[in-house]
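Values below: every heavy atom of this structure, side chains too, minus hydrogens, waters and symmetry copies. First listed ligand is number 1; within each ligand, the first listed atom is number 1. As the structure is a prediction and not an experimental result, all values here were calculated from the model.
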Amino acid sequence: MNEEGFNIYPIGVVRCAIGATSEMPKDGVTEAKIEIFEKYLPALCGLEKFSHIYLTCFFHKSDRTLLKLDRERILLRFDNCDDAPLGVFASRSPSRPNPLSLTVVKVKAIKDNIIEAAHCDAIDGTPVVDIKPYNGGIDRFMNLSFPACVPKKYDMKIRWIKRIIENVTGENDVMSSVIARIFADAFQRGYHYNDKKVKIAVSNIAKLIDSAIFLADATFSSGRLSVVTAKNFEITFIRNERFLKYSLAIDYKKIGEIDGLDSKKNCELFDIIEEFRQI
Ligand SMILES: C[S@@+](CC[C@H](N)C(=O)[O-])C[C@H]1O[C@@H](n2cnc3c(N)ncnc32)[C@H](O)[C@@H]1O
């Protein structure tokens, strides 16, 4: 084996409005252009058939000497991370010996040598080294084991959860925002949706069921998810002997009409009950 290294060349460059690593939102930018160099144009043939791709970049601003993350810094920024994995190979840190990134980005359009993408988290000017299609069939898994850290700040938590809902439903709408607020609120109250000991019961609304499955990795077969008969939008988190139940205060079919959602307090949107379990 050649331990001296390999020859890898940039095949393109990322263009987006963010030029500093500290300013990149956690879930990337909604508008990025991946510019592929002309000589690699034939390699893009057929890529337009895929809605999502793996983007691998060379993170040129990374610290290549870092092997272990600082626990205190992680605890400041994330919840549920008391036993956070610290080795860079057990993390998505941009800093690592070979700073190759791996991001699933959404392809909005391909025009000549430009891939217009969303969810790209590489800063402007980042060299691109590879692109591969994301294959929903073989690349997607459920019933996983992973440390379930989530961002500490409430607004970041909502964004994070909303992003996962968008991944599932393909939509970024008021319903997703409402569901994200419930899951974030429940988390703050100690009902960690991604804790395997927390069970979830939802009313029979497709988006709610899909969100619970993907956010909490709560499948029917795992026994953590159930669907209850309820007239309106309801979700209950059950942990040991306690439960926390959210019922939407308006008819869920009118959810799209909620104006100024961000400025609304949760108590205006939901009836929230927390009690000992009798359900
Ligand atoms: C946490 S990493 C994750 C990257 C990729 N999704 C992955 O998992 O490999 C993303 C962060 O890397 C930083 N970053 C982006 N472009 C970079 C670059 N060219 N060099 C170093 N760091 C970069 C930004 O702070 C961005 O938010």
SB check Lys245 Glu274 (cutoff 4.0 Å):
no
For the pair His192 and Phe187, name the ring-plane relationship: parallel under 30°, tilted 30 to 60°, perpendicular over 60°.
parallel
Check this for me, if you would: do Lys157 and Asp79 make a salt bridge, where the nitrogen-to-carboxylate-oxygen distance has to be below 4.0 angstrom?
yes
Should Glu116 and Lys111 count as an ion pair when the cut-off is N to O under 4.0 Å?
yes
Do any side-chain atoms of residues 26-42 form donor-acceptor pairs under 3.5 angstrom with protein atoms, and if so which ones, sequence neighbours left out?
unit_1, atom_1, unit_2, atom_2, d
Asp27, OD1, Arg159, NH2, 2.7
Asp27, OD2, Arg159, NH2, 3.4
Glu31, OE2, Lys108, NZ, 3.4

Just to be sure I understand the cut-off, which residues have at least one non-hydrogen atom under 4.0 angstrom from an atom of ligand 1?
Thr21, Met24, Phe59, His60, Lys61, Ser62, Arg92, Pro94, Ser101, Leu102, Thr103, Asp121, Ala122, Ile123, Thr126
Under 4.0 Å between a Lys/Arg side-chain N and an Asp/Glu carboxylate O for Asp217 and Lys196?
yes
